[in-house]
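First up is the structure itself, then whatever we jot down about it.
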Amino acid sequence: QVQLVESGGGLVQPGGSLRLSCAASGFTLDDYVIGWFRQAPGKEREGVSYITSRDGSTYYTESVKGRFTISRDNAKNTVYLQMNSLKPEDTAVYYCAASAIVASMIPVWYKYWGQGTQVTVSS
């Protein structure tokens, strides 16, 4: 059974850090582009970052550049999103997703999705 499971979300103060994990079962993450998306209440789902399968190239949306880092541990079949210097506007449900087609931040290209993990940045 193909499954993606996110973890690591929670409540953090502005300026704090969290590390999100995306663990895969039923398939090998290294064969896919893995993306992180987020969706705040009343807003569209937004692409945050992705990491490619072949050379591990990364992409970040402008608002998280220099604060977030995506990485993968193939031995653990897990992708991480290290989030530093968090801001209230980072509050959202964060999803990881897998695409076998293209490296993109367009959600329609992603075949497998996790259930999401809530990140709340508040004092």
Is there a donor-acceptor pair closer than 3.5 Å between any side-chain N or O of Y32 and the backbone N or O of A97? no

To the nearest 0.5 Å, what is the distance between CG (L11) and CD (Q118)? 9.5 Å

Identify the two heavy atoms, one from V5 and one from Q115, that lie closest to each other, and give their separation to 0.1 Å. CA-OE1, 3.8 Å

Taking T52 for the side chain and S57 for the main chain, is one N or O donor matched with an acceptor at less than 3.5 Å? yes

Donor + acceptor pair across side chains of D30, T28 (<3.5 Å): no

Nearest heavy-atom approach of A103 to Y50 is CB-CE1, 3.6 Å

Under 3.5 Å, is there a donor-acceptor pair between the side chain of Y110 and the main chain of V33? no

Using a 6.0 Å cut-off, check whether atom CD of E89 has over 12 heavy atoms from anything other than its own residue. yes

Any sub-3.5 Å donor-acceptor pair from R72's side-chain atoms to L29's backbone N or O? yes

Answer yes if I70 and Y112 sit in the same cluster of Ile, Leu, Val, Met, Phe, Trp and Tyr residues linked by side chain heavy atoms under 4.5 Å apart, and no otherwise. yes

Group every Ile, Leu, Val, Met, Phe, Trp and Tyr by side-chain heavy-atom contacts under 4.5 Å, then state whether V121 and Y60 land in the same group. yes

List in chain and number order the residues that pass ring-ring contact (aromatic ring centres under 6.0 Å, His included) with W113, two or more places apart in sequence or in another chain; answer none if no residue qualifies. F37

If you take all heavy atoms of F68 and V48, which pair is closest and at what distance? CD2-CG1, 3.7 Å

Y94 versus A92, closest heavy-atom pair with distance: CD1-O, 3.4 Å

Between D73 (side chain only) and T78 (backbone N and O only), is there a donor and an acceptor less than 3.5 Å apart? no

Is the side chain of S49 donor-acceptor paired with the backbone N or O of Y59 at a distance under 3.5 Å, no angle test? yes

Distance check, rounded to the nearest 0.5 Å: I51 atom CD1 versus W36 atom CH2? 12.0 Å

How many angstroms lie between OH in Y95 and CZ in R45, if you round to the nearest 0.5 Å? 4.5 Å

Check: C96 main-chain N/O paired with E6 side-chain donor or acceptor under 3.5 Å: yes

Side chain to side chain contact (heavy atoms under 4.5 Å, CB included) with R38: which of T117, V64, L81, V93? V64

If you take all heavy atoms of K65 and E62, which pair is closest and at what distance? NZ-OE1, 3.1 Å

Out of L4, N74, L20, I34, which one pairs with V79 under the side chain to side chain contact (heavy atoms under 4.5 Å, CB included) rule? I34

From CA spacing to verdict: side-chain contact (heavy atoms from CB on, under 4.5 Å), E46, S63: CA-CA 11 Å; E46 173 192 22; S63 62; 4.1 Å; yes

Is there a path of hydrophobic side-chain contacts, each under 4.5 Å between heavy atoms of I, L, V, M, F, W or Y residues, that connects M105 with V102? yes

If only side-chain N and O atoms count, and only distance matters, is there a donor-acceptor pair under 3.5 Å linking S17 with N84? yes

Do D90 side-chain atoms and P14 backbone N/O form a donor-acceptor pair below 3.5 Å? no

